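Reminder, nothing fancy here: chain letters follow the sequence lines and each chain counts from 1. The model shown is predicted, which means the values in this text are computed figures rather than measured ones.
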Amino acid sequence: MSFKIIKENGSARLGVMETVHGVIKTPVFMNVGTIAAIKGAVSALDLEEIGCQVELSNTYHLHLRPGDKIVKTMGGLHKFMNWKRPILTDSGGFQVFSLSGMRKISEEGVVFSSHIDGRKIFMGPEESMQIQSNLASTIAMAFDECVENPATYEYAKNSMERTVRWLRRCKAEMARLNSLPDTINKKQLLFGINQGATFRDLRIENMKMTREMDLDGYAIGGLAVGEPAEVMYDIIEAVEPYMPKDKPRYLMGVGTPENILEAVYRGVDFFDCVMPSRNARHGHLFTEDGIMHILNAKFETDDRPIDESCSCPACRNFSRAYIRHLFKAKEMLAMRLCVLHNLYFYNKMMENIRLALEEDRYEAFYKEKTKKYTQRV
RNA sequence: GUGGGUAUAGCUCAGUUGGUUAGAGCGCCAGAUUGUGGCUCUGGAGGCCGUCGGUUCGAAUCCGACUAUCCACC
């Protein structure tokens with residue numbers, strides 16, 4: 001693995017990361033396909049067309065179904081879903097806390113009940129690494145605890161320290177797994193995750209300990225969980241000076257186009273978010289002219305595409321009126337077209353961000369786009 | 001034509017022994033959604049209670065006629 005910064009505009013960075021599954025140009029948005037498929041009937045075949053560089057899948061979900069051992073038997077995630085480019089697997093830490101009603105956390109790990117059938121499952125740092133090794137993703141995420149917002153200082157501190165101990169165990173386990181003969185991807189990379197809730201000192205303390213471990217990348221987790229956006233930006237600014245310059249930075253689960261523009265400005269390279277795909281399934285679309293609700297009555301006889309400046313499969317072929325009709329009729333094609341559009345928009349936005357960085361005009365670019373992307377169509 | 005049933009929101013229907021500004025679900029209109037349970041949540045608009053008349057302090061509710069509609073039988 002190598003990561004190179006090609007250009008800097010203030011804190012914002014234009015970079016290139018080389019992996020065993022190909023090159024990733026940063027800043028990048030990773031397209032979320034939790035269960036090895038993008039929701040909305042979107043396959044790996046479509047991902048190329050909408051400009052996806054990295055696909056993101058989930059340890060927790062794939063462990064429960066079909067089971068990581070089955071994926072390994074099938075030759076790993078890449079072969080299983082027919083996607084040759086980089087894949088990042090989320091560790092499952094977030095899902096353990098967001099999806100399972102019942103869970104018990106200890107130093108060893110977490111006991112939780114499956115959201116599918118309720119059976120009890122244990123997952124700790126070693127289990128998460130083993131699952132991700134079986135999935136054979138390009139990048140594995142460390143197993144962490146995502147603390148709820150708001151959190152008390154004491155809880156956030158204890159949890160953050162435990163996350164660091166878990167990270168050490170993740171690193172050791174990955175080294176062991178990558179040296180085994182039957183491991184599919186022996187060059188699997190590991191990103192650590194910064195925690196500490198909304199407390200600047202905890203975030204910084206955590207980052208100092210995390211960077212000691214010399215990881216392949218550094219993520220900021222536990223944000224965009226209900227705190228105001230200004231708090232999120234403030235935490236990024238607090239942590240950024242302590243993150244290694246020569247390694248990729250990943251802001252987990254973020255966010256709106258505005259959030260991404262602001263975070264790139266503050267030095268973040270990787271993003272992922274369910275927002276473009278989930279909102280697409282509910283008719284909430286992102287366009288160059290702002291946010292559009294395709295279900296609004298005013299689009300009933302609108303013959304124009306969703307976004308007249310867009311070249312996605314939906315905009316090249318279909319009208320607002322037609323897509324609105326598909327939604328009203330609960331036709332799956334409506335979701336598919338809208339998911340394709342929103343992901344195309346996000347990937348194109350990242351491409352435009354990289355172009356602006358290349359041309360040393362990011363600051364003006366992001367201010368102009370932030371204004372446009374937050375208005376309504 | 002005869003007998004019986006029904007008539008309340010765009011649709012399907014609740015509505016206590018008659019008692020304030022008549023409700024629900026769906027639909028419609030609008031908003032939310034941030035390391036995904038194809039969800040879920042939050043607001044809003046919308047009714048001359050088929051029509052006319054009667055009983056009553058008071059009628060969606062009781063009575064009569066009419067109209068529409070459904071079922072059965074001629």
- Base-pairing mate for B:A7 - Watson-Crick or G-U, with both contacts under 3.5 Å: B:U67
- Task: Using both distances under 3.5 Å as the test, list the Watson-Crick or G-U wobble partner of B:A30, or none.
- Result: B:U42
- Query: How far does the C1' atom of B:A14 sit from the matching atom of B:U51, given to the nearest Å?
  - Reply: 24 Å
Distances under 3.5 Å between nitrogen or oxygen atoms of protein and nucleotides 40-46 of chain B:
none

- Query: Among B:A32, B:C28, B:G35, which nucleotide sits nearest the side chain of A:His293?
  - Reply: B:A32
- Item | Contacts of A:Tyr242 that satisfy side-chain contact (heavy atoms from CB on, under 4.5 Å) - sequence neighbours left out | A:Ile204, A:Met207, A:Lys208
- Note on the structure: Mate of B:U20 across any strand shown (Watson-Crick or G-U wobble, both atom pairs under 3.5 Å) is none
- Would you kindly check whether a donor in the side chain of A:Asn58 faces an acceptor in the base of B:G35, or vice versa, at under 3.5 angstrom? no
- Could you work out the separation of B:U21 and B:G53 based on their C1' atoms and round it to a whole Å? 27 Å
- Message: Please report the distance separating the P of B:U16 from the corresponding atom of B:U6, rounded so that it comes out in whole Å.
- Response: 14 Å
- Query: Between B:G35, B:U34, B:A30, which nucleotide gets closest to the side-chain atoms of A:Arg278?
  - Reply: B:U34
- Nearest listed nucleotide, side chain of A:Arg376, among B:G31, B:G35, B:C29: B:G31
- For the side chain of A:Lys330, starting at C-beta, report the closest nucleotide among B:G35, B:G27, B:U33. B:G27
